[in-house]
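Numbers restart at 1 for each chain; the letters A, B, ... are given by sequence-line order, proteins then strands.
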Amino acid sequence: MTRPLFAEFATVIDAALDALVAQGTLPAGLARGAVTTEPPRDPAHGDLSTNAAMVLAKPAGTNPRALAAALIPELTRDPRVVSAEIAGPGFINLRLTPAAWLGELRLIAHAGDAYGRSTMGADSVVNVEYVSANPTGPMHMGHCRGAVVGDALATLLAFAGHRVIREYYINDAGGQVDVLARSVHLRYREALGHDVGAVPEGLYPGDYLVPLGQALAAEFGTAYADAPEAEWLGLFRTRAVAAMMAMIRDDLALLGIHHDVFSSEAELQAAGKPAAAEAWLRAHDLVYDGVLEAPKGKSDEEWEPVELPLFRSTRFGDDQDRPIRKSDGNWTYFGADLAYHFQKAQAADALVDIWGADHAGTVKRIRAAVAALTGAEGTAKPFEVKLVQMVQLLRDGVPVKMSKRAGNFVTLADVVREVGKDVVRFTMLTRKPDAQMDFDFAKVVEASKDNPVFYVQYCHARTCSTLRKAAAEGFVPDAAALDRLGDEELALIRLAAQFPRVIEGAAQAREAHRVAFFLSDLAAGFHAYWNVGNDRPEKRFIVADDAALTGARLFLAAQIGQVVKNGLAILGVTAAEEL
RNA sequence: GCGCCCGUAGCUCAGCAGGAUAGAGCACCAGAUUCCUAAUCUGGGGGUCAUGGGUUCGAAUCCCGUCGGGCGCACCA
């Protein structure tokens, strides 16, 4: 066998359905997309369960149980099937031979680091844009979750057979980076000995700009100290953004995150991309000059009706048409972002954006833009925005106070230094992204079974230590006597064998956290099996007077460790060999 | 006023493209541990899946309404 068991049986079921079609029992051409092959919720129901009869009964004009009855003789032809029975409303439950499961164990050993890899993605290109923090300062914890979620998703998609582009969009064209440039200029003058006093309201106060000011003072001397802004703004902006991006890359590297592509908004604009997009949209009557309505529910005292070039996002489900340029003629963030997404779409088959939840309000317009720009001929490129909720930092249950104004936010680098990359990454994936989460410094480093990070890593380390100890006693993993493995061991194999399914499901849903939850389950299963050995020494991995059984058990331990390792690799977490 | 996300056990959360008796951990209760595989273990109680309708053979899951919580609502990125 060269394919994971669940994938293998999906085709077995498919073939059985084909046989029914050939017999004339089942009409040809029925859509089988809803047919599933999965483990039953209750293990007592068997090893594999399919809903094929239930899903196809209606379109076939029959009832589920009758269809199931016809399907069963076909399914039991497979020598790996011990029994097939109809259950409940029309499920077919299959029991497989132990040998089938032992084969899966051999497959894990054979595939090694590639176990779970899928060709589902069919080499299609997915662009995952994540982080994209403004280049105005170091990464703080607000960016962290999106960074980890995006990075793990990118790895997951690659594992599932996609070609992945990891991309970072640098917002280096708006007013924020002018503010940055001014803030740096202040530090530059400060470095030259000018008395600058307190950092004025509206500029970035953080100390991280001090070294840059000093470097610029060393490089340019007093040349720009009293010069008008127009003479230095562009230069300082460029230098500041470059310095901030270097800092951000270093911060990301601490988490093991490396993007393939960094796209600059300023370069995009300089290359005329937004203008080209506007022209194209105007030609298709998707941009027009109009006046927005005053926002409802707000006082309209400050409201001034202005004619602006508006994108018809309402045609694609947005609540309001959106301006792509400001009244001063500059591009709005959206105007540039729209062109940016078009650019990304040209180099990819599908797009995923990872955004902070505070940007939820702009999802509709960008979705509309992608639909408009990529859907002109035929179907639009698949595009998803994944929102990531905020993280509340706690220290022993007490919220960590942060004030952006004072500049004393907790940086990502601080947190990684304190608790480590692996803890940060795994913890960020222990909750679905659209739920808020707490990150408690005390809890995430706790070495107990209550901490999933530890629990999963300990599982891997335990398999390693077992193999080390066994080796010292002269035992090695050996598949020769796998048939000595019993029900407890087979249960563990069944659990591990779900890994390929989990990968495909998670990739399809673009949800890397499912991998983390699966690993917790697998670790729980492994630890539970281990604990059986407490009371029953004959169930331990090393049974000193039975080399064949010990070899088989060690083989099992090695493969469980392998699956945990593969899962952790997707999450970007080190599979430590000892803790 | 509108939009988006959320509402599952006392607490923190899963629930896999609707599927079989809704799961896990914590907490709680009752036991176990002279054996070192104790970085504990076994067992147990506990849920009208916010709520009211609808679709379906079948709904925590899909649709609509209501209540409650969070976030966002012009040329700021």
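- Under the side chain to side chain donor-acceptor pair (under 3.5 Å) criterion, A:Asp521 pairs with no residue at all, not counting sequence neighbours.
- Listed nucleotides: B:rA39, B:rA20, B:rC75. Nearest to the side chain of A:Phe454: B:rA39.
- Note: CH2 (A:Trp530) to P (B:rU37) measures 8 Å, nearest angstrom.
- Counting non-hydrogen atoms of other residues, nucleotides and ligands closer than 6.0 Å to NZ of A:Lys443 gives a total of 12 or fewer.
- Applying the 5.5 angstrom centroid cut-off and the 30 degree plane-angle cut-off, the aromatic ring of A:Phe541 is not stacked upon the base of B:rU37.
- When the C1' atom is compared between B:rC28 and B:rC11, the two are found 12 Å apart, to the nearest whole Å.
- Between the side chain of A:Asp434 and the backbone N or O of A:Leu387 there is no donor-acceptor pair closer than 3.5 Å.
- Taking the P atoms as reference points, B:rA77 lies 41 Å from B:rU61, given to the whole Å.
- Within 4.0 Å (heavy atoms only), A:Val306 reaches at least one base atom of the nucleic acid.
- Using bins of under 30°, 30° to 60° and over 60° for the plane-to-plane angle, the ring pair A:His341/A:Phe383 lands in the perpendicular bin.
- The distance between atom CG of A:Asn330 and atom P of B:rC75, rounded to the nearest whole Å, is 14 Å.
- Within 6.0 Å of CD on A:Glu267 lie no more than 12 heavy atoms contributed by other residues, nucleotides or ligands.
- Comparing B:rG19, B:rC41, B:rC75 by their closest approach to the side chain of A:Lys326 singles out B:rC75.
- One P atom belongs to B:rC5, the other to B:rG65, and the distance between them is 13 Å to the nearest Å.
- Other residues, nucleotides and ligands place more than 12 heavy atoms under 6.0 Å from the CD atom of A:Glu85.
- The aromatic rings of A:Phe441 and A:Phe439 sit perpendicular to each other, their planes meeting at more than 60°, with 30° as the lower class boundary.
- B:rA14 and B:rU51 have their C1' atoms separated by 23 Å, given to the nearest Å.
- Here the shortest heavy-atom pairing between A:Pro274 and A:Gln269 reads CD-CA, 3.9 Å.
- Within the nucleic acid shown, A:Thr362 comes within 4.0 Å of at least one base atom, counting heavy atoms only.
- In this structure, A:Asn451 places its CG atom 15 Å from C1' of B:rA24, rounding to the nearest Å.
- Of the residues in residues 52-67 of chain A, A:Met54, A:Lys58 come within less than 4.0 Å of RNA chain B through at least one heavy atom, sorted by number.
- Taking atom P on both B:rA22 and B:rG47, the two are 12 Å apart, rounded to the nearest angstrom.
- When the P atom is compared between B:rA50 and B:rG10, the two are found 13 Å apart, to the nearest whole Å.
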#### Entry: Nucleotide-level pairing of RNA chain B, given in dot-bracket where Watson-Crick and G-U pairs need both distances under 3.5 Å and | marks other strands
(((((((..((((.....[...)))).(((((.......))))).....(((((..]....))))))))))))....

### Message
Within the 4.0 Å limit for protein heavy atoms, which parts of nucleotides 6-15 of chain B are touched? Write it as a string from 5' to 3', B for base, S for sugar-phosphate only, - for none.
### Response
S-----SSSS

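- Using a 4.0 Å heavy-atom distance criterion, A:Gly90 is classed as making no nucleic acid contact.
- The nearest whole Å value for the distance from the CD atom in A:Gln320 to the P atom in B:rC4 is 15 Å.
- Scored by the side chain to side chain donor-acceptor pair (under 3.5 Å) test, A:Glu384 finds A:Arg510 as partners (sequence neighbours excluded).
- Aromatic ring pairs are classed by plane angle as parallel below 30°, tilted from 30° to 60° and perpendicular above 60°; the pair A:His527 and A:Tyr458 is parallel.
- Side-chain proximity of A:Asn171 to B:rC75, B:rG19, B:rA77: nearest is B:rA77.
- Scored by the side chain to side chain donor-acceptor pair (under 3.5 Å) test, A:Arg514 finds A:Glu511 as partners (sequence neighbours excluded).
- A:Asn93 comes within contact range of at least one nucleobase, with a heavy-atom separation under 4.0 Å.
- Here B:rC35 presents its C1' atom at 19 Å from NZ of A:Lys539, a figure rounded to the nearest Å.
- A residue-by-residue look at A:Ile542 and A:Lys364 shows that A:Lys364 has its nearest nucleotide of RNA chain B further toward the 5' end.
- We find that NZ of A:Lys386 is positioned 11 Å from P of B:rC5, with the value rounded to whole Å.
- One finds no side-chain N or O of A:Asn134 lying less than 4.0 angstrom from the OP1 or OP2 phosphate oxygen of B:rA77.
- Between the side chain of A:Thr136 and the backbone N or O of A:Val177 there is no donor-acceptor pair closer than 3.5 Å.
- Of the listed nucleotides (B:rC76, B:rU37, B:rG19), B:rU37 has the atom at the smallest distance from the side chain of A:Arg540.
- Considering all non-hydrogen atoms of both residues, A:Gly137 and A:Met247 come closest at C-CE, 3.7 Å.
- Counting any heavy atom pair closer than 4.0 Å across all strands shown, A:Pro40 reaches a base atom.
- As rounded to the nearest Å, B:rG7 and B:rU66 have C1' atoms that lie 14 Å from one another.
- In this entry the distance linking NE2 of A:His527 with C1' of B:rU37 reads 12 Å, nearest Å.
- Nearest to the side-chain atoms of A:Glu265 among the listed nucleotides B:rA77, B:rG19, B:rA20 stands B:rA77.
- Atom CG in A:Asp318 sits about 12 Å away from atom C1' in B:rC2, given to the nearest Å.
- Stacking between A:His359 and B:rG72 is absent: the ring centroid is not both under 5.5 Å from the six-membered base ring centre and under 30° in plane angle.
- Side-chain atoms of A:Ser49 come within donor-acceptor range of the base of B:rA20, with a qualifying N/O pair under 3.5 Å.
- Only the C1' atoms considered, B:rC63 is 40 Å distant from B:rG44, to the nearest whole Å.
- Counting any heavy atom pair closer than 4.0 Å across all strands shown, A:Phe518 reaches no nucleic acid atom.
- Residue A:Asp289 qualifies as enclosed at atom CG: its count of foreign heavy atoms under 6.0 Å is above 12.
- Between A:Asp353 and A:Lys344 there is a salt bridge, since a side-chain N of the basic residue sits under 4.0 Å from a carboxylate O of the acidic one.
- Each of A:Ala173 and A:Pro89 lies near RNA chain B, and the nucleotide nearest A:Pro89 is the one positioned closer to the 5' end.
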